[in-house]
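Structure record follows, encoded as structure tokens.
Below, read A as the first sequence line, B as the second, and so on, with proteins coming before strands; counting in each chain starts at 1.
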Amino acid sequence: MNVKISLPDGSVREYPQGVKGSEIASSISEGLARVSLAIEVNGEVWDLSRPITTDASIKILTWNDKSGKTTFWHSSAHLLAEALEALYPGVKFGTGPAIENGFYYDVDLNGKPFGDDDLAAVEAKMKELAKHDSQYVRKDVSKADALKYFTEKGDPYKIEIINGLEDGKITFYQQGGFTDLCIGPHIPNTGFIKAVKLLNVAGAYWRNNENNKMLTRIYGITFPKAKELEEYLHLIEEAKKRDHRKLGKELELFAFSERVGMGLPLWLPKGTILRERLEQFMRKAQIKAGYDPVVTPHIGSKALYVTSGHYEKYGKDSFQPIHTPDEGEEFLLKPMNCPHHCEIYRTKPRSYRDLPVRLAEFGTVYRYEQSGELHGLTRVRGFTQDDAHIFCRPDQVKEEFVKVIDLVLHVFKSLGFENYTAQVSLRDPENKAKYIGEDSAWEKAEAAIQEAADERGLSTVAVKGEAAFYGPKLDFMVKDALGRQWQLGTIQVDYNLPIRFELEYVGSDNQKHTPVMIHRAPFGSLERFVAVLIEHCAGNFPLWLAPDQIAVLPISERFNDYAKLVYEKLKEQDIRGLLDDRDEKIGRKIRDAETKKIPFMLIVGEKEAGDQMVAVRKHGQGDQGSVPLEEFVNRFRIECSAPV
RNA sequence: GCCGAGGUAGCUCAGGGGUAGAGCAGCUGAUUCGUAAUCAGCAGGUCGUGGGUUCAAUUCCCAUCCUCGGCUCCA
């Protein structure tokens with residue numbers, strides 16, 4: 001009996017029942033057979049050695065397919081485990097999945113320290129074992145047999161996993177002398193793994209729970225060709241050059257000081273220009289969108305945060321209250337602006353006609369972040385949010401939310417962020433105790449967010465358990481140079497805080513009603529936004545943001561006077577920059593200006609000094625020819641306009 | 001906070017039980033130059049901090065602080 005196999009190109013071929021993926025690949029072409037890693041059967045990824053018994057549509061998976069890579073890396077994790085078992089008898093295994101770039105395996109080395117030298121040894125063992133071309137063999141096992149195997153082997157983590165599995169659906173995979181509990185699929189044999197690099201060691205809690213034992217997580221990556229590994233490592237090196245911590249130092253944008261305290265950024269003059277440009281851009285956009293700027297203090301009475309619920313939720317693990325010496329009052333460093341804004345709302349009675357009230361503040365907040373969490377400007381203990389709170393009637397929620405989405409998208413577009421993820425962050429339904437407020441309020445809020453996102457045609461991913469404790473969010477996530485994902489913009493619907501703060505307005509029915517609050521921050525925090533922006537443009541800021549826009553470079557000291565004149569004229573036109581009148585050759589001055597990523601270099605010498613000319617050189621683009629100074633200023637103005 | 005790796009001149013890094021070295025930056029002098037590094041000289045460090053071992057510690061040990069890679073967390 002035959003089975004009908006449809007291929008991705010739409011063609012259908014017949015094969016004997018029980019045909020294997022590898023046989024189908026061979027029948028298509030020997031070339032394909034050589035590079036095929038796995039097969040997709042009716043949307044499910046299978047081993048190439050698994051018999052196909054029914055009609056199916058298939059796709060042969062190679063390194064060029066995402067699931068081909070995933071399979072490859074998952075099999076590599078097994079190879080890592082095999083190497084570990086060979087070198088560390090008695091090692092216990094947690095889980096070892098493929099990840100976006102490579103794979104890891106969590107292992108329990110019985111408290112044995114595992115460092116970089118060990119990493120190199122294991123890597124060498126993996127390379128050796130890969131050459132054995134050991135096949136990955138799939139085996140169905142009963143739950144009882146599976147438990148028996150790992151009980152005898154003494155692997156408590158595998159036993160824990162098996163206990164949660166259904167009998168009849170348990171499979172083992174074995175390659176060489178190593179057997180693992182695994183649903184597969186895998187590549188045909190270890191020989192496909194030609195290049196291996198173990199990247200780093202990290203601690204990871206068993207089952208991601210910090211109350212569990214910390215296992216040793218070993219990260220690695222493998223490739224079918226040595227050259228691809230080289231390319232990958234080169235790519236990582238390139239990405240590191242964009243790291244905002246490196247560029248922040250090189251371009252003198254920000255710094256940290258142990259004496260000031262960890263996670264407390266110092267904005268240097270050039271970084272401050274960048275930051276203030278962004279603030280100004282946002283201020284304008286917000287005025288246009290009907291926001292009223294407000295200012296509130298950096299500390300607030302503890303009672304304020306008890307009311308809001310922040311104290312109960314975060315108080316004990318946070319910066320401790322500040323006490324006044326005589327009265328014994330308690331204040332908290334402001335961790336959030338919303339309670340203050342609620343109090344501004346309360347300063348006078350509000351009518352339904354007044355709503356929405358939109359209060360905006362570049363509010364600096366302080367939060368205790370665990371020391372291990374701090375990371376450049378993306379995770380700090382003191383930062384400024386481009387925060388605002390919109391107080392509106394229930395019937396205005398959707399419209400207001402949509403307007404905020406537009407604002408966020410405008411910001412992203414203006415700064416060239418195209419690759420973002422819009423994440424609907426929902427409550428964890430399994431763990432409602434983590435949140436405040438009634439179910440009905442949550443349901444309303446979650447629905448409002450999804451509706452607003454849909455109305456703007458935003459493609460979103462919903463993630464449970466990511467909501468704030470007072471309400472669900474729409475978060476805009478962007479990746480940094482090294483692929484780490486960060487939350488930038490956020491919009492949150494909140495039915496809870498207005499109740500806690502007893503906010504009200506008088507409706508058209510002359511009755512008192514509770515407004516709805518929308519918390520929102522398009523940048524998120526200036527610090528994190530700048531960090532991601534630096535990495536996004538690799539320090540080559542758009543002209544309107546660049547701390548130094550021009551460098552005036554006299555050919556020699558003889559032209560310093562003219563250069564100074566040019567520099568002063570540009571300064572009068574609010575063009576930022578520097579005059580490099582050092583006693584250096586022009587090549588040197590150009591090199592330094594290029595290194596500093598200054599957008600325009602104006603070179604002036606004998607040819608220019610006579611008739612008010614400047615020789616224009618653009619960063620990364622070279623000589624642009626000479627123009628009259630006036631003309632340069634005009635062209636500059638056009639190019640420099642900030643987005644509106 | 002947890003696991004692992006590090007901290008040597010302003011920066012990037014080498015070294016290693018007998019009180020330290022390079023390149024760049026800095027300073028001084030020479031040079032006056034046309035599109036990515038002019039030459040020479042000088043100066044610069046309680047080798048993160050505190051203890052311990054030792055005749056002797058920057059080097060070995062312990063603690064601590066900070067940084068880096070992850071984990072957990074992220075109002």
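- For the C1' atoms, the distance from B/G6 to B/U58 is 16 Å, rounded to whole Å.
- Summarising the base pairing, B/C47 is matched to no nucleotide, lacking a Watson-Crick or G-U wobble pair whose two defining distances lie under 3.5 Å.
- Taking atom P on both B/C24 and B/A20, the two are 23 Å apart, rounded to the nearest angstrom.
- Going from the C1' atom of B/G21 to that of B/U8 covers 10 Å, rounded to whole Å.
- Comparing B/U28 with B/A14, their P atoms are spaced 32 Å from each other, to the whole Å.
- Backbone-only contact: A/Phe114 has heavy atoms under 4.0 Å from sugar-phosphate atoms and none from a base.
- Between B/G52 and B/U19, the two P atoms lie 22 Å apart (nearest whole Å).
- Straight-line distance between the P atoms of B/U53 and B/U59: roughly 14 Å, to the nearest whole Å.
- Across all strands shown, the partner of B/A5 is B/U67, judged by Watson-Crick or G-U wobble contacts whose two distances both fall under 3.5 Å.
- RNA chain B is contacted by both A/Ala204 and A/Met262; A/Met262 maps to the nucleotide lying nearer its 5′ end (nearest heavy atom per residue).
- The CZ atom of A/Arg582 sits 14 Å away from the P atom of B/U28 (whole-angstrom rounding).
- Among the protein residues, A/Glu258 comes within range of the sugar-phosphate backbone only, with heavy atoms under 4.0 Å from sugar or phosphate atoms but none that close to a base.
- Put simply, the residue from A/Lys597, A/Lys596, A/Lys270 that forms a side-chain hydrogen bond (donor to acceptor under 3.5 Å, both in side chains) with A/Asp548 is A/Lys270.
- Between the A/Asp386 side chain and the A/Gly524 main chain, a donor and an acceptor come within less than 3.5 Å of each other.
- The base of B/A37 sits with one of its N or O atoms less than 3.5 Å from a complementary donor or acceptor on the side chain of A/Arg591.
- Within the nucleic acid shown, A/Arg484 comes within 4.0 Å of sugar-phosphate atoms alone, with no base atom in reach, counting heavy atoms only.
- If you look at A/Phe600 and A/Phe632, their ring centroids are closer than 6.0 Å.
- Contact annotation for A/Asp623: base contact, defined as any heavy-atom pair under 4.0 Å involving a base atom.
- With a cut-off of 3.5 Å on both Watson-Crick or G-U wobble distances, the partner of B/G34 is given as none.
- Under 4.0 angstrom from either OP1 or OP2 of B/C3 there lies no side-chain N or O belonging to A/Thr216.
- Distance A/Arg259 CZ to B/G48 P: 16 Å, rounded to the nearest Å.
- For A/Glu535 (side chain) and A/Ala481 (main-chain N/O), a donor-acceptor pair under 3.5 Å exists by modelled atom type.
- Nucleic acid contact class of A/Gln487 (heavy atoms, under 4.0 Å, all strands): none.
- Rounded to an integer number of Å, the gap from CD of A/Glu237 to P of B/C68 is 17 Å.
- Rounding to whole angstrom units, CD1 of residue A/Ile99 and P of B/G69 are separated by 15 Å.
- Looking at heavy-atom distances under 4.0 Å, A/Glu250 makes no contact with the nucleic acid at all.
- Of the nucleotides present, none pairs with B/A56 by Watson-Crick or G-U wobble criteria with both distances under 3.5 Å.
- Residue contacts for A/Lys585: at a heavy-atom cut-off of 4.0 Å it reaches a base atom on one of the strands shown.
- An aromatic stacking contact between A/Tyr219 and the base of B/G70 is absent, as defined here by ring centres under 5.5 Å apart and ring planes under 30° from parallel.
- Residue-level contact check: A/Tyr470 touches the backbone only, with heavy atoms under 4.0 Å from sugar-phosphate atoms and none from bases.
- On a pure distance criterion of 3.5 Å, a polar donor-acceptor pair joins the side chain of A/Tyr205 and the base of B/G1.
- If you look at A/Phe93 and A/Tyr157, their ring centroids are not closer than 6.0 Å.
- A/Arg528 contributes no side-chain N or O that, together with a main-chain N or O of A/Trp486, makes up a donor-acceptor pair within less than 3.5 Å.
- Taking atom CG of residue A/Asp580 and atom P of nucleotide B/U38, one finds them 12 Å apart after rounding to whole Å.
- Judged by distance alone, with hydrogens and angles left aside, the side-chain atoms of A/Arg358 form no donor-acceptor pair with the main-chain N or O of A/Tyr291 at under 3.5 Å.
- Remark: B/C39 base-pairs with B/G29. Criterion, Watson-Crick or G-U wobble with two distances under 3.5 Å.
- A donor and an acceptor atom sit less than 3.5 Å apart, one in the side chain of A/Arg379 and one in the base of B/C73.
- Rounded to whole Å, the separation between the P atoms of B/G70 and B/C11 comes to 23 Å.
- Using a 4.0 Å cutoff on non-hydrogen atoms, the parts of residues 612-622 of chain A near RNA chain B are A/Ala615, A/Arg617, ordered by number.
- Note: A/Phe223 and A/Tyr232 meet the aromatic proximity criterion, with ring centroids under 6.0 Å apart.
- Positionally, the nearest nucleotide of RNA chain B for A/Lys112 lies more toward the 5' end than for the other of A/Arg558 and A/Lys112.
- A gap of 14 Å separates the C1' atoms of B/A22 and B/G45, to the nearest Å.
- Not a single donor-acceptor pair under 3.5 Å links the side chain of A/Arg245 to the backbone N or O of A/Gly376.
- In terms of polar N and O atoms assigned as donor or acceptor, the side chain of A/Glu608 comes within less than 3.5 Å of the base of B/G34 in a complementary pairing.
- Among the nucleotides B/A75, B/C71, B/U38, the one closest to any side-chain atom of A/Glu584 is B/U38.
- The shortest side-chain heavy-atom distance between A/His389 and A/Glu361 does not fall under the 4.5 Å cut-off.
- Straight-line distance from the OH atom of A/Tyr105 to the P atom of B/G4: 21 Å, rounded to whole Å.
- Pair assignment for B/U19 gives none, since no Watson-Crick or G-U wobble pairing has each distance under 3.5 Å.
- A 4.5 Å side-chain heavy-atom check between A/Lys246 and A/Glu250 finds at least one atom pair inside the cut-off.
- A/Ser308 contributes a side-chain N or O that, together with a main-chain N or O of A/Tyr305, makes up a donor-acceptor pair within less than 3.5 Å.
- If you check every strand for non-hydrogen atoms under 4.0 Å, A/Ala202 touches a base.
- In this structure, A/Ile555 atom CD1 and B/G34 atom P are separated by 7 Å, rounded to whole Å.
- In the set B/C71, B/A36, B/U35, the nucleotide with an atom closest to the side chain of A/Ile603 is B/U35.
- When each of B/C74, B/A25, B/C33 is scored by its nearest atom to the side-chain atoms of A/Arg588, the top-ranked nucleotide is B/A25.
- For B/C73, there is no paired nucleotide, since no Watson-Crick or G-U wobble pair has both relevant distances below 3.5 Å.
- The residue A/Asp317 sits apart from the nucleic acid: no heavy atom pair falls under 4.0 Å.
- To the nearest angstrom, P of B/U12 lies 13 Å from CZ of A/Arg245.
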